[in-house]
Amino acid sequence: MKRLFLMTALAASLLTGCKVGPNYHKPVVPVPTAYHGPSESQQAQAASYADLPWWQVFQDPVLQDLIRTTLKQNYDLQTATEKIIYARAQLMVTHSNQLPQVSLSGYGTDERAFSGFPFKTKYATYAADATFQLDLFGQLRRATEAARAQLLSTEYAQKTEILTLVSDVASDYFALLALDLQLQIARDTVKTQEDAVKLTKFRLEHGVATRLDVLQAQQVLDTANAQIPELERQIGLEEDALSILLADYPHGVARGRPLVEQPLPPEVPAGLTSSLLARRPDILQAEQNLIAANAEIGVAKAAFFPQITLTGTGGGAAGRTTVFTSLLDSNLGTWGVAGQITQPIFEGGRLRGNLREAKSQERQELIAYKYAIKQAFKDVSDALIGYEKYHKVRVAQETTVQDLSDSVSTSLKRYGGGIATYLEVLDNQRSLFTAQLTLAQDRGNEYQSLVQLYKALGGGWQQ
């Protein structure tokens with residue numbers, strides 16, 4: 001038995017051989033020196049907005065609780081975690097093929113007879129078998145290399161899922177706050193217009209206003225009333241979407257700060273373009289897929305070469321028997337070593353087809369890796385442009401709302417003094433109501449574009 005294990009250990013340590021197939025070299029993918037869209041002042045900083053953890057980016061305590069709950073309960077994230085466990089087990093199974101496979105067996109018996117020819121027999125056998133495949137051409141090591149890369153790929157896939165969930169929850173939350181703001185504007189307009197209708201009717205009763213003035217005042221009230229159920233419908237759908245992200249049944253969602261009180265960062269640096277490749281987990285996942293595919297080429301090439309397997313056996317038997325009054329003892333030990341070599345001769349094109357398949361898969365993964373990089377730069381560029389322009393739109397719309405608010409006040413004074421008709425008041429009120437709703441949407445768009453920028457830069461998955 002000592003000889004058996006010594007020979008197996010010697011084979012494992014000395015006969016490792018070489019590894020056929022290409023060694024992985026990181027592809028050289030040129031990246032631009034600046035992002036398309038924003039001004040140079042935004043790109044000159046090494047620090048990136050994505051370096052901040054998500055709880056510093058999203059400071060609303062209610063939103064933070066929603067994100068934490070999602071990261072604990074979301075089904076997609078649970079599935080991604082289970083895939084990591086599965087890939088780790090696959091790596092363990094694959095790596096075990098590089099190690100000796102040892103098994104033990106034993107058998108024992110105790111027989112007695114007391115009539116005819118009385119005897120007693122106690123007998124036991126034991127055996128150990130060890131099998132070891134010499135990885136002379138690296139087939140097993142390449143397979144382990146591929147399995148390890150697949151494990152890392154699933155880990156980066158989980159990080160991509162975390163990044164996506166954080167941004168989805170934040171985006172849906174800000175969309176919900178924007179709808180809440182629009183609903184509040186509609187309800188405030190209804191209340192204001194109800195008072196305006198009452199005042200106009202009072203003026204009609206005293207002969208100061210006309211029936212047309214009353215109908216015109218009623219139009220703005222009807223428009224605002226029609227908006228309320230539509231906004232409530234959209235709010236319900238948004239709450240249902242958030243509930244699913246929380247892995248819960250549809251229910252109402254708590255709110256924290258209103259949209260107008262949510263903080264916005266004074267600046268949003270994008271950071272250096274070269275650092276984007278290390279921050280985006282989807283790019284890192286694509287690279288690990290490429291590494292795995294590259295290793296599979298080695299597995300396919302090694303199949304063309306001989307495979308050598310060493311087998312060692314050892315065992316023995318011991319027993320004692322008594323026949324009548326005689327006592328017989330026996331002890332027997334055996335061991336043996338065997339080798340097997342297998343060389344493919346004719347496989348009908350199977351091995352060559354496997355190699356072509358592996359090479360094609362590697363080229364596909366290389367294309368996917370390059371595409372992931374370019375798509376990441378597009379995402380950042382889109383988000384930078386979106387955030388910058390939505391900010392300008394929101395600022396301009398605030399000016400519009402202020403101007404229309406002044407116009408409504410002026411037209412009401414002119415109407416009260418008999419200088420203008422109520423139609424002038426009506427036009428200004430309609431325009432103000434529409435502008436206020438648009439401003440609420442613009443605020444929501446600005447916050448959502450900030451979320452998308454944080455996601456595009458690769459922020460949100462660092463725990």
Side-chain angles (χ1 to χ4, degrees), residues 22-58 80 145 148-168 170-171 264-295 362-391 448-463:
N23 292 322
Y24 175 75
H25 297 285
K26 189 181 182 71
V28 178
V29 182
V31 297
T33 57
Y35 295 108
H36 171 252
S39 58
E40 294 183 359
S41 60
Q42 288 182 281
Q43 306 192 45
Q45 304 180 37
S48 172
Y49 189 56
D51 295 334
L52 296 174
W54 61 261
W55 54 90
Q56 293 183 15
V57 174
F58 309 119
E145 181 183 336
R148 185 175 292 109
Q150 288 294 344
L151 171 60
L152 293 175
S153 175
T154 57
E155 291 177 349
Y156 284 123
Q158 183 204 40
K159 291 176 173 59
T160 301
E161 187 64 38
I162 292 174
L163 178 149
T164 301
L165 288 174
V166 169
S167 63
D168 285 351
S171 183
L264 283 171
E267 59 178 356
V268 185
L272 300 177
T273 57
S274 58
S275 63
L276 182 64
L277 305 187
R279 279 200 310 267
R280 288 277 296 239
D282 56 333
I283 295 178
L284 299 174
Q285 178 188 357
E287 184 180 8
Q288 291 302 322
N289 290 337
L290 177 59
I291 293 174
N294 182 79
E362 190 270 344
R363 290 192 295 268
Q364 292 178 49
E365 295 299 343
L366 177 59
I367 293 171
Y369 175 67
K370 293 179 178 179
Y371 176 79
I373 292 175
K374 290 177 172 58
Q375 182 63 41
F377 276 86
K378 176 185 179 298
D379 293 342
V380 174
S381 177
D382 290 349
L384 285 169
I385 294 172
Y387 181 68
E388 183 179 5
K389 300 308 177 184
Y390 275 128
H391 173 74
Q448 288 180 301
S449 64
L450 179 64
V451 173
Q452 293 306 311
L453 176 57
Y454 184 61
K455 175 185 177 182
L457 289 172
W461 60 271
Q462 300 91 341
Q463 299 299 307

Colleague: Decide side-chain contact (heavy atoms from CB on, under 4.5 Å) for E388 and H391; before the verdict, give the C-alpha distance in whole Å, the side-chain angles of both, and the deciding distance to 0.1 Å.
Modeller: CA-CA 5 Å; E388 183 179 5; H391 173 74; 6.0 Å; no

Colleague: Tell me, do P265 and L450 make a side-chain contact under 4.5 Å, heavy atoms counted?
Modeller: yes

Colleague: Run the side-chain donor-acceptor check on residues 161-168: report pairs under 3.5 Å with partners two or more places apart or on a different chain.
Modeller:
{"residue": "T164", "atom": "OG1", "partner": "T160", "partner atom": "O", "Å": "2.9"}
{"residue": "S167", "atom": "OG", "partner": "L163", "partner atom": "O", "Å": "3.2"}
{"residue": "S167", "atom": "OG", "partner": "T164", "partner atom": "O", "Å": "2.8"}

Colleague: Would you confirm whether S381, through its side chain, and H36, through its main-chain N or O, come within 3.5 Å as a donor-acceptor pair?
Modeller: yes

Colleague: Measure the CG-CD distance between L290 and E365 for me, rounded to the nearest 0.5 Å.
Modeller: 7.0 Å

Colleague: Could you tell me whether K159 and D282 have a side-chain N and a carboxylate O separated by less than 4.0 Å?
Modeller: no

Colleague: If you round to the nearest 0.5 Å, how far is OH of Y369 from NZ of K374?
Modeller: 10.0 Å

Colleague: Minimum heavy-atom separation for P27 to Y24, with atom names?
Modeller: CD-OH, 3.3 Å

Colleague: Taking the side chain from D382 and the backbone from D379, do they hold a donor-acceptor pair closer than 3.5 Å?
Modeller: no

Colleague: Find out whether Q150 and N289 are in side-chain contact, i.e. whether some heavy atom of one side chain is under 4.5 Å from a heavy atom of the other.
Modeller: yes

Colleague: Is the backbone N or O of L457 less than 3.5 Å from a side-chain atom of R280, with the two atoms forming a donor-acceptor pair by type?
Modeller: no

Colleague: Please give me the minimum heavy-atom distance between A383 and A456, naming the atom from each residue.
Modeller: CB-CB, 4.2 Å

Colleague: Give me the atom names and distance for the closest heavy-atom approach of A372 to A286.
Modeller: CB-CB, 4.3 Å

Colleague: In the structure I gave you, are the side-chain heavy atoms of L52 and F58 within less than 4.5 Å of one another anywhere?
Modeller: no

Colleague: Can you tell me how far apart CZ (R279) and OG (S274) are? Round to the nearest 0.5 Å.
Modeller: 9.0 Å

Colleague: Quick check: does any side chain N or O of S171 sit under 3.5 Å from a backbone N or O of Q448, one acting as donor and the other as acceptor?
Modeller: no

Colleague: What pairs meet the salt bridge (charged side-chain N to carboxylate O under 4.0 Å, His left out) rule with one or both residues in residues 284-294, with sequence neighbours excluded?
Modeller: K26-E287

Colleague: Begin with the C-alpha distance, continue with both residues' side-chain angles, and end with the deciding distance and a verdict on side-chain contact (heavy atoms from CB on, under 4.5 Å) for L276 and Y35.
Modeller: CA-CA 11 Å; L276 182 64; Y35 295 108; 3.6 Å; yes

Colleague: On a heavy-atom basis, which atom in P269 and which in A47 lie closest, and how many Å separate them?
Modeller: CB-O, 3.5 Å

Colleague: Got a second to check how far K370's NZ is from L366's CG, nearest 0.5 Å?
Modeller: 4.5 Å

Colleague: What's the shortest heavy-atom distance between T154 and L151, and which atoms?
Modeller: OG1-O, 2.6 Å

Colleague: From N294 CG over to I291 CD1, what is the distance, rounded to the nearest 0.5 angstrom?
Modeller: 8.5 Å

Colleague: Classify the ring geometry between Y49 and Y454 as parallel (under 30°), tilted (30 to 60°) or perpendicular (over 60°).
Modeller: perpendicular

Colleague: Using every non-hydrogen atom in the two residues, find where A270 and S48 come nearest and quote the distance to one decimal.
Modeller: O-OG, 3.2 Å

Colleague: Nearest 0.5 angstrom please: Q364 CD to Y371 OH, how far?
Modeller: 15.5 Å

